[in-house]
Amino acid sequence: GNVIVTNGEIRIRQGGVLEVDDGYIHMSHGGRLIVDGGVFVATNKFKYLSVAYGKPYINSDHPVFEILSGEAFIKYSKNVSAGMPLQINNNASLKMSGGVLTLDSDDKSYNLLDFTKNSDQDHVMELSGNSVLKILSGGATFGRGISTLKDNASIALPE
């Protein structure tokens, strides 16, 4: 099914698992998806995780996909998935202070991550601590906005 989070949060704590194998998750107006020691998995016919699709958000109401620790895995499957698997747009952000976010695709030419609909001043991606963003296969469009890597954070791209 489809999940829309507005002015609230989904928090996946240690030992917890949220698995989505169909539909989409949309974070808007202060919505937050937080992986806090648990596991988030989106595969099969998963359409997309949209963080702030629509109008630009301001101040504290901007949506966030945040990984404090634990793992998030998003897989695009050609001919069954639809849409961009991970969209971070309109003043929303991806924040990681630990843990691993893995993006994968069975179509090497497919774009898995999109940051293109942001302003130049937006902090759209902040990676710190020992966090790792892994793109196993497929591409990413970082586009506009500010991306910050500090501490031991890293981005691993396909070879």
Side-chain angles (χ1 to χ4, degrees), residues 1-55 57 61-118 124-127 129-143 145 147 153 155-158:
N2 303 321
V3 176
I4 299 173
V5 180
T6 303
N7 287 324
E9 71 178 35
I10 297 173
R11 183 177 294 261
I12 310 162
R13 297 190 188 274
Q14 187 162 352
V17 176
L18 174 59
E19 184 174 353
V20 182
D21 66 359
D22 196 359
Y24 65 84
I25 296 178
H26 173 68
M27 313 305 289
S28 68
H29 295 289
R32 300 169 69 89
L33 174 58
I34 302 169
V35 179
D36 188 4
V39 178
F40 172 71
V41 179
T43 59
N44 197 9
K45 292 189 243 178
F46 180 67
K47 293 178 178 64
Y48 56 83
L49 170 58
S50 175
V51 184
Y53 181 77
K55 69 174 189 159
Y57 298 88
D61 72 343
H62 68 94
V64 177
F65 178 32
E66 186 168 10
I67 301 173
L68 304 173
S69 62
E71 297 180 55
F73 179 78
I74 299 173
K75 167 94 180 191
Y76 172 83
S77 297
K78 189 175 182 177
N79 300 324
V80 293
S81 297
M84 178 75 57
L86 180 56
Q87 302 172 44
I88 309 287
N89 294 317
N90 298 319
N91 300 32
S93 59
L94 167 64
K95 294 183 178 184
M96 295 179 65
S97 57
V100 178
L101 170 59
T102 303
L103 303 173
D104 193 13
S105 173
D106 60 6
D107 181 352
K108 290 185 179 184
S109 65
Y110 197 78
N111 200 23
L112 299 168
L113 174 64
D114 180 51
F115 288 111
T116 58
K117 296 176 184 164
N118 287 290
V124 298
M125 184 173 72
E126 298 176 18
L127 276 61
N130 290 317
S131 61
V132 178
L133 169 60
K134 287 184 188 178
I135 300 174
L136 300 180
S137 181
T141 302
F142 290 92
S147 296
I155 300 174
L157 301 172

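Residues: numbered from 1 along the sequence shown.
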Q | Pairwise side-chain contact, His62 with Ser93, heavy-atom cut-off 4.5 Å (strictly under) | A |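 Heavy-atom side-chain distance check passes, below 4.5 Å.
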Q) Any side-chain heavy atom of Phe73 sitting closer than 4.5 Å to one from Val39? A)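 Phe73 vs Val39: side chains apart.
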**Q.** side-chain contact (heavy atoms from CB on, under 4.5 Å) partner of Met27, chosen from Val64, Thr6, Leu33, Ile4
**A.**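 Only match with Met27 under side-chain contact (heavy atoms from CB on, under 4.5 Å): Leu33.
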Q.
I need the single residue from Val3, Ile34, Val35 that forms a side-chain contact (heavy atoms from CB on, under 4.5 Å) with Ile10. Which is it?
A.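 Of the listed residues Val3, Ile34, Val35, the side-chain contact (heavy atoms from CB on, under 4.5 Å) partner of Ile10 is Val3.
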Q: Using atom types as modelled and distance alone, determine if a side-chain donor or acceptor of Asn2 lies under 3.5 Å from a backbone N or O of Gly23.
A: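 Looks like no, no N/O pair under 3.5 Å.
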Q | Counterpart residues, side-chain hydrogen bond (donor to acceptor under 3.5 Å, both in side chains), relative to Asp21 (two or more places apart) | A |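 Listed in chain order: nothing, the list is empty.
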Q | Where at least one partner belongs to residues 22-38, residue pairs that pass salt bridge (charged side-chain N to carboxylate O under 4.0 Å, His left out), sequence neighbours excluded | A |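 Listed by first then second residue: Arg11-Asp36, Arg13-Asp36, Asp22-Lys47, Arg32-Glu66.
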Q. Taking all atoms of both residues into account, what is the closest heavy-atom pair of Ala72 and Ile67, and its distance?
A.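 Scanning both residues, the minimum pair turns out to be CB-CD1, 3.8 Å.
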Q) At what distance, to the nearest 0.5 angstrom, does CG of Leu157 lie from CD1 of Ile155? A)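 Reported value, rounded in 0.5 Å steps: 6.5 Å.
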(Q) Would you compute the distance between atom CG of Asp104 and atom OH of Tyr76 and round it to the nearest 0.5 angstrom? (A)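 OH of Tyr76 is found 12.5 Å from CG of Asp104.
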Taking only distance into account, with no hydrogens and no angle test, what donor-acceptor pairs under 3.5 Å do side-chain atoms of residues 129-139 form with protein atoms, sequence neighbours excluded?
unit_1	atom_1	unit_2	atom_2	d
Asn130	OD1	Asn152	ND2	3.2
Ser131	OG	Ser128	N	3.4
Ser131	OG	Ser128	O	2.8
Ser137	OG	Ser105	O	3.4

**Q.** Candidate pair Ile25 and Phe40, rule side-chain contact (heavy atoms from CB on, under 4.5 Å), full reasoning
**A.** CA-CA 12 Å; Ile25 296 178; Phe40 172 71; 3.7 Å; yes
Q: Check the pair Ile88 / Met125 against side-chain contact (heavy atoms from CB on, under 4.5 Å), numbers first and verdict last.
A: CA-CA 9 Å; Ile88 309 287; Met125 184 173 72; over 6 Å; no
